[in-house]
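Chain letters run A, B, ... following the sequence lines, proteins first and then strands; every chain starts at 1. Predicted model only: the values in this text are computed from it and were never measured.
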Number of protein chains: 2
Amino acid sequence: MAGQIKPRLRILLGADIAMGPGKADLLDAVARTGSISAAAREMDMSYRRAWLLVDTMNRAFRSPLVETAKGGAGGGGAEVTAFGQRVLARYRAMELKAAASVAAEMREFTRLLAERPG
Amino acid sequence: MAGQIKPRLRILLGADIAMGPGKADLLDAVARTGSISAAAREMDMSYRRAWLLVDTMNRAFRSPLVETAKGGAGGGGAEVTAFGQRVLARYRAMELKAAASVAAEMREFTRLLAERPG
DNA sequence: CGCCGTTATATCTAGCCATGCATAACGAAA
DNA sequence: TTTCGTTATGCATGGCTAGATATAACGGCG
């Protein structure tokens, strides 16, 4: 199956990777769930890791992508800022554009891979 | 300095990454030096690591990208096969094409990053 | 025939990173 | 005021990976 072979394209920004596929997915999950911990559970990663990723993003950009609140109803939560939404949207657009631009070559390339990964 | 911030684009093929920026560079070094160990030295990595990477590539593709010889003059050596050269050339082309397609957005993006990485 | 540098591979060790655990602060709601 | 789930952060253990080390085979060449 060539289905399992997933040619992936990663756009990495900044020295310690301000944005990448993983962080983009996390941002999505935070936006959807409204909290870092829920996003972490959903993505099956430790809260610590999720928080660290969010922190890296917040510090890497000019302005925070995620704003958090302690206490209150539900114990608090997190939301993706308008700026964060713009960043995410732009990143997704870049991903699509880049992927589309090399789609043909990508298919060609997978043809050169061995049948069985093992 | 925005110079240090290097937005990089990685094209990853296959489950355990049949080809990526690092492997492409290694392939280049092997072609240039004529041996895995010399390439490893040049890239400042352990011979083991270099050999492992080459082995992964060779097994991931339909046909080996690198052919090796034991013993003989100079103790042996390694050379990038014609197939390997084609794969490398295609990969580089893809890199360039993808990078060019999002160059404008990439610049735009770096403008959103914080001045200081720390 | 010994020398040499390389390929190829096994094994051991050290260091690092992630995970998990613990804890404190927080604030709305019951 | 107690409860609750979350943010935020420190700490320690463990697992995994990278590197170092060792060794054998190889074969042209002096």
By side-chain hydrogen bond (donor to acceptor under 3.5 Å, both in side chains), A:S101 pairs with (sequence neighbours left out) B:S101

Can you list the residues that meet the side chain to side chain contact (heavy atoms under 4.5 Å, CB included) rule with [X], with sequence neighbours excluded?
{"X": "A:Y91", "answer": "A:I11, A:M19, A:P21, A:A24, A:E95, B:F109"}
{"X": "B:S63", "answer": "B:F83"}
{"X": "B:A78", "answer": "B:V30, B:I36, B:V66, B:T68"}

Could you grab the distance from atom CG of B:L53 to atom CG of B:L26, nearest 0.5 Å is fine?
6.0 Å

Span of DNA chain C, from the first to the last nucleotide whose atoms fall under 4.0 Å of chain A heavy atoms
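For DNA chain C, the relevant span reads C:dA18 to C:dA28.
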
Picking from B:L52, B:L27, B:V87, what satisfies side-chain contact (heavy atoms from CB on, under 4.5 Å) with B:M57?
B:L27

Qualifying salt bridge (Lys or Arg N to Asp or Glu O under 4.0 Å) pairs with a residue from [range], counting only residues at least two apart or across chains:
{"range": "residues 62-77 of chain A", "result": "A:R62-B:E115"}
{"range": "residues 98-111 of chain A", "result": "A:E105-B:K97, A:E108-A:R111, A:E108-B:R90"}
{"range": "residues 26-47 of chain B", "result": "B:D28-B:R92, B:R32-B:E42"}

Hey, could you give me each pair passing side chain to side chain donor-acceptor pair (under 3.5 Å) that has a residue in residues 49-58 of chain B? Not counting sequence neighbours.
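Pairs touching residues 49-58 of chain B that pass the test: B:D55-B:R59.
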
Of residues 22-58 of chain A, the positions that come close to DNA chain C - non-hydrogen atoms, cut-off under 4.0 Å:
A:S46, A:R48, A:R49

What string of B, S and - do you get for nucleotides 23-30 of chain D 5' to 3' if you count protein non-hydrogen atoms under 4.0 Å?
---BBS--

A:R59 has an atom CZ; how far is it from atom C1' of D:dA8, in whole Å?
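In whole Å, D:dA8 C1' and A:R59 CZ are 13 Å from each other.
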
